[in-house]
Amino acid sequence: MQHKFLVKVAFSLNIELDIQNMNEEIDPTFPANYLKQTLENNHIDFVLSPLFFGNENLLKFTSSKNIPIFTYNTSLDARHNSLLGKPRENYPNWLGHISPDDEGAGYMLAEALLTKTKNFNRLLAIAGKHQSVVSGNRERGLVNYFNSKGEALMPIVHSDWTFKRGYQVTKSMLKRDPNIEYIWVVSTSVAFGVIKAVEEMDKSDTIKVGAFDWLPETMGLIENKTLFMSYGGHFVEAGKALIYMRDYIMGHDFKETSGVILKTKLNRLTLKNLNKYKNGILGTNWDKIDYKQFSYCLNQGKGRYELSIDNLIGTN
């Protein structure tokens, strides 16, 4: 979904893309090695990349070749700062980073699930892997919410981000505690398994499930009321990063107006506002938008980098 949107933005900005998929767990050195091979026969203007641990190889390589790079998607945390520093510090060609406000979203999901209840001890939280930065930040927001209310949180259960693990954990926990009324889930991929377990145990009418990350399938879950809400919309980040880099190459440094570390606020998707966001999620209107309007250079100094999910919902 993120890549499909990126392609639409690139076409509007007249940028030729070379998209390579990578798996951080298999080979974190792949991006740098791929760039080495590409440079043998091609020119590279700039690089966009998710930020994974192991990406220091990519940052070192782009700096050594004087290639600008902008990272996105994964939240920065203390470990990143310790290992890499911030953009433009240890690696001058690392120009910026954009990522979701996962901590804020973790807080908001807990607040939205529990806003009309005092049964704080009936919320089950299913997170991702222990070492995941994204999961850790979302968990931190959840914990902050409970701390703000002076309430105790049931021990967080960790998963491996899969349907299977979401299903297994939910089955086990509901057998152990049949009074659970709310399930805070780290991602939609896990939520699919959670929902299947809830349905099999005939608890769809008594348990509200909330999750993160919008997919086209998310809308179906919300439409049939098996998913109460989801926070997302950050698939636009790579497209927004592309606009920043297009302007930078044209001589306008976005640092002065936007800074080098940018946060995307996640939006809440529910049955009430599903129709509002449908076009933006499905991409039915992506071709109808001129993305040059968000560029400072391509819009005669009027663009203010305001591209967000809300810009994608007004065109039918």
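Keep in mind the model is a prediction, meaning the values are calculated, not measured.
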Test S172 against Q168 for side chain to side chain donor-acceptor pair (under 3.5 Å), laying out the working first.
CA-CA 6 Å; S172 174; Q168 292 172 338; over 6 Å; no
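- Taking the six-membered ring where the residue is Trp, Y296 and H252 present parallel rings, their angle staying beneath 30° rather than reaching 60°.
- D101 places a side-chain N or O within donor-acceptor distance of the main-chain N or O of G104, the cut-off being under 3.5 Å.
- Within 6.0 Å of atom OH in Y167, more than 12 heavy atoms from other residues, nucleotides or ligands are found, so the atom counts as buried in its surroundings.
- In the hydrophobic clustering of ILVMFWY residues, with side-chain heavy atoms under 4.5 Å counting as a link, F11 and L13 come out apart.
- A salt bridge is absent between E103 and K263: the closest approach of a Lys/Arg side-chain nitrogen to an acidic carboxylate oxygen does not fall below 4.0 angstrom.
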R165/V190 under side chain to side chain contact (heavy atoms under 4.5 Å, CB included): CA gap, chis, key distance, verdict
CA-CA 7 Å; R165 185 59 179 157; V190 180; over 6 Å; no
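- Taking 4.0 Å as the cut-off between side-chain N and carboxylate O, K60 and E56 do not count as a salt-bridged pair.
- A salt bridge links D287 to K8: at least one charged side-chain nitrogen sits closer than 4.0 Å to a carboxylate oxygen.
- Of all non-hydrogen atoms in S295 and D247, the two that sit nearest each other are OG-OD1, 2.5 Å.
- Heavy atoms only, all atoms of each residue included: V133 and S75 are closest at CG1-O, 3.0 Å.
- In this structure, the side chain of S82 does not engage the main chain of A78 through any donor-acceptor pair within 3.5 Å.
- The residue from F254, F46, Y72, F294 that alone fulfils the ring-ring contact (aromatic ring centres under 6.0 Å, His included) condition with Y244 is F254.
- Around atom CG of D18, more than 12 heavy atoms belonging to other residues, nucleotides or ligands sit under 6.0 Å away.
- Side-chain heavy atoms closer than 4.5 Å link hydrophobic residues (I, L, V, M, F, W, Y) into clusters, and following such links, possibly through other members, connects L221 to L282.
- Environment of NZ in K86: sparse, with no more than 12 heavy atoms of neighbouring residues, nucleotides or ligands closer than 6.0 Å.
- When only modelled atom types and interatomic distance are considered, E181 and N179 share no side-chain donor-acceptor pair under 3.5 Å.
- Exactly one of T170, V169, T226 qualifies for a side-chain contact (heavy atoms from CB on, under 4.5 Å) with V194. That residue is T170.
- Under 3.5 Å, the side chains of W161 and S187 contain no donor-acceptor pair of N or O atoms.
- At most 12 heavy atoms of other shown residues, nucleotides or ligands fall within 6.0 angstrom of atom CD in E16.
- Looking at R138 and D213, a side-chain N of the basic residue comes within less than 4.0 Å of a carboxylate O on the acidic one, giving a salt bridge.
- D77 and R79 are joined by a salt bridge, as a carboxylate oxygen and a charged side-chain nitrogen come within less than 4.0 angstrom of each other.
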